[in-house]
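The chains referred to below are lettered A, B, ... by the order of the sequence lines, with proteins before strands, and numbering in each begins at 1. Owing to the predicted nature of the structure, the values given are computational and were not obtained by experimental measurement.
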Amino acid sequence: MLVVNKIRAEKEAIIEGLKIKNFNNIDILDEIIVLDDKRKEFQKKLDDVLSESKSIAKEIGMLFKTGKVEEANQKKIRTTELKELSKSFGEVLANTAKELTDKLLQVPNVPHPSVPAGNSDEDNEVLKNVGEIPELAADALPHWELTDKYDIIDFKLGNKITGAGFPLYKGKGARLQRALINFFLDEAEKAGFREVQPPLMVNEESGYGTGQLPDKEGQMYHVGEDNLYLIPTAEVPITNIYRNEIVKSADFPIRNTAYSQCFRREAGSYGADVRGLNRLHQFDKVEIVVIEHPEKSYERLEEMSTYVQGLLVKLELPYRLLRLCGGDLSFTAALTYDMEVYSAAQKRWLEVSSVSNFVDYQANRLKLRYKDENGKTQLAHTLNGSALALPRIVAALLENNQTPEGIKIPKALIPYTGFEIIN
RNA sequence: GGAGAGGUGGGAGAGUGGCUUAAUCCACCAGUUUGCUAAACUGACGUACGGGCAACUGUACCGGGGGUUCGAAUCCCCCCCUCUCCGCCA
C-alpha cells in the first residue's frame, strides 16, 4: 500500500499517476489524509490518558507503602475515569486505523512515468521482437494434439485422477519438465540468485503480506482444516521470508530463486485460453525475487528483464517484450515487462514471464525495511519475475519445433533431457 | 493425537504484583590507547506510532489474543510455537 506521508507530500503527482492506471476514485486520497489526522489526534489523546494513569498508579503504590490508605483510595477515583477514557479513545483509534488501512488497500500502486496509458492488453507497448517466427507445415498440430501423438502429457488421465487443469506428464514429457526446471535453476544460480525451496502452503499472514489476501482470496486453494493456502506462485513464500524484517543495506541486492509448483483456481476462465497447457490449475515455475535499495530498483528491473530474455534466446524461442500499459498493469506493480513467446501452431503469443518492480508498495505492507546511511529505517523495494513458467514454454517448444521426424529439443536443453528428439 | 516442561532485546540469560527506566554477559557500532592485529578502557546500542524548530519527549511492545488489578514480563483464560517422553509415520 501507499505511504500516507507520500500521499500528503506528492498528492498531485500521485493523482496523475493513478489516472494512467484508470483509477478515478481520487477523493479517497483526501479521505485517507483526514483519517490519518484523526488517527494521530486520538493517538495523542490516548497516550496522554495512559501517561496520567501510569503516574497515578505509581503514586498509589507509594501511598500504600507508606500506609496512607485513605489518600490512595482517593486517587483511585480518578483512575476509574481515566480507564473509561482510555477505553473509548482506544476504540476510536482502533476503528480509525482499520478504516484507514481499508482505504489504503483500495488504492493501487502509482505507475512509473514510462507506463503508457491504455485500457487493456491491446494497448501494451511492444518494445522488441526477437527471433524468427517459424513457418510450419500446413498440417502442423497444436500442442494438445502433439502431446497425445507422442504420449508425453495426458490431460485425460489428469482429469480422471483430479480434474481439468491437472495434467499427468509421462515419459519424455515428465523428463522434459525436470530438464527445464534444472536448466532454469542452474541459470539463475549462475546469475547470482540463491536457490531456496519454500513451503507450498502458506498461512494467512503471508497471504496478506504479498497481497493475495484479502481481495484475491478466490484465486487460491484453501485448506480449511488448517487455514492454509496453496501458493499461486513462489513469490508468496519467498517474499514473506522478509516480512517484518530490517535487512542490512550492505546485503542489497538480495536475490532469491525457487522452483515451485503453483496452484491457481482460475475461476471464471474458459475457452481457447484454457485449452491444453495454456492455463492450468497446477503448474511448475521458477521464480526470481529481488529485494533492493530504492535507488537501484529500476536498474535491477532491467537486469532481470535481460536475464529472462536470455533464457528465451537459449531456448531458441521467438518472443516479444512488452511494457504493460496502465490498464493492464497489476494493482501492486509500478512497472511490468511481459515476455511472450510465439506459439506457432496456435498462432498466438503466450505470456511466459512477467517481471515487475513494486517499489515500496509491497514492502510497506510487508514491513520490509533497511537502515539508511543515517541509521533511519526506510522501506526497501521489491521486484519479482518468472524465470520461467513451464507450461507455455513447453507448448511453444512442442509446436515450434515439430518436424516430420519428431519434436526437436533446443541445444541448451539436451544436456538436461538426455535426448535430442521426442518421437 | 496424549502427558510434561518451556517461549524475555541480535544471541545467552536474570527477573513470581510497585526500587524494572527489563539486571548481567556476549556480539555489533563509534571513540581512546597502541608499530599492525589483538587486548584493555569509554560511550552508544531495539521496533512502532505520536508531540516538539530542535535538544528532547509521550505511549505501546517480554510468543499472539483476551481478562483480573489503582498498577502485570510476573496472576487467570484461550490460541500458536519449541523441547522431552509416548503414539503414529516417509
First and last nt of RNA chain B near chain A, cut-off under 4.0 Å to heavy atoms, 5' to 3', are B/G18 to B/G71
Sorted by chain and residue number, the salt bridge (charged side-chain N to carboxylate O under 4.0 Å, His left out) partners of A/Glu31 (sequence neighbours excluded) come out as A/Lys103
Classify A/Lys367 by what it touches in the nucleic acid, base, sugar-phosphate, or nothing, heavy-atom distance under 4.0 Å. nothing
Counterpart base for B/A54, defined by Watson-Crick or G-U wobble contacts under 3.5 Å: none
With A/Glu125 via side-chain hydrogen bond (donor to acceptor under 3.5 Å, both in side chains) - residues at least two apart: A/Arg323
Who are the ring pair (Phe, Tyr, Trp, His ring centres under 6.0 Å) partners of A/Phe166, not counting sequence neighbours? A/His281
Show the atom names and distances, to 0.1 Å, of all donor-acceptor pairs under 3.5 Å that link a side chain in residues 175-182 of chain A to residues at least two apart or in another chain.
| from | atom 1 | to | atom 2 | distance (Å) |
| --- | --- | --- | --- | --- |
| A/Arg175 | NE | A/Thr417 | O | 3.1 |
| A/Arg175 | NH2 | A/Thr417 | O | 3.4 |
| A/Gln177 | NE2 | A/Asp284 | OD2 | 2.9 |
| A/Asn182 | ND2 | A/Arg178 | O | 3.4 |

Remember a base hit wins even if backbone is also touched, and classify A/Thr80 as base, sugar-phosphate or nothing at under 4.0 Å, heavy atoms. nothing
Complement of B/G35, any strand, by Watson-Crick or G-U distances under 3.5 angstrom: none
For A/Lys76, answer base if it contacts any base atom (sugar-phosphate contacts may also be present), sugar-phosphate if it contacts only those atoms, and nothing otherwise; contact means non-hydrogen atoms under 4.0 Å. base
Taking the same atom, P, in B/U57 and in B/A44, what whole-Å distance lies between them? 13 Å
B/C83 - base-pair partner by Watson-Crick or wobble geometry, distances under 3.5 Å: B/G4
For A/Thr162 and A/Asn159, indicate whether the former's side chain and the latter's backbone hold a donor-acceptor pair under 3.5 Å. no
Using both distances under 3.5 Å as the test, list the Watson-Crick or G-U wobble partner of B/A22, or none. none
Answer yes when A/Glu299 and A/Lys296 have at least one side-chain N-carboxylate O distance shorter than 4.0 Å, and no when they do not. no
Taking A/Arg300 for the side chain and A/Glu292 for the main chain, is one N or O donor matched with an acceptor at less than 3.5 Å? no
Contact nearer the 5' end of RNA chain B, comparing A/Glu52 with A/Ile60: A/Glu52
Using purine N1 to pyrimidine N3 plus N6-O4 or O6-N4 for Watson-Crick, or N1-O2 and O6-N3 for G-U wobble, both under 3.5 Å, which nucleotide pairs with B/A73? none
Return the nucleotide paired to B/A60: Watson-Crick means purine N1 to pyrimidine N3 with N6-O4 or O6-N4, wobble means G-U with N1-O2 and O6-N3, both under 3.5 Å. B/U47
In Watson-Crick or G-U wobble terms, both distances under 3.5 Å, what is the partner of B/U16? none
Work out how far the P atom of B/A39 is from that of B/A27, and round it to whole angstrom. 8 Å
May I have the list of side-chain donor-acceptor pairs in residues 407-415 of chain A shorter than 3.5 Å, sequence neighbours left out?
none

Map A/Arg39 and A/Ala57 onto RNA chain B by nearest heavy atom, then report which one ends up closer to the 5' terminus. A/Ala57
B/U8 and B/G1, which share atom name C1', separated by this distance in whole Å: 30 Å
Say we look at B/C76 and B/U16: how far apart would their P atoms be, to the nearest angstrom? 14 Å
Taking pairing as Watson-Crick or G-U wobble with both contacts under 3.5 Å, can you name the mate of B/C88, or confirm there isn't one? none
What does A/Ile56 touch in the nucleic acid at a heavy-atom separation under 4.0 angstrom: a base, only the sugar-phosphate, or nothing? nothing
B/A5 versus B/U32 - spacing of their C1' atoms, nearest Å: 48 Å
Taking atom P in both B/G71 and B/C81, compute the distance separating them and give it to the nearest angstrom. 33 Å
Say you pick atom C1' in B/G10 and the same atom in B/U47; how far apart are they, in whole Å? 13 Å
Give one of base, sugar-phosphate or nothing for A/Leu46, where a contact means two heavy atoms less than 4.0 Å apart. nothing
Between B/G35 and B/C53, how far apart are the P atoms? Round to whole Å, please. 50 Å
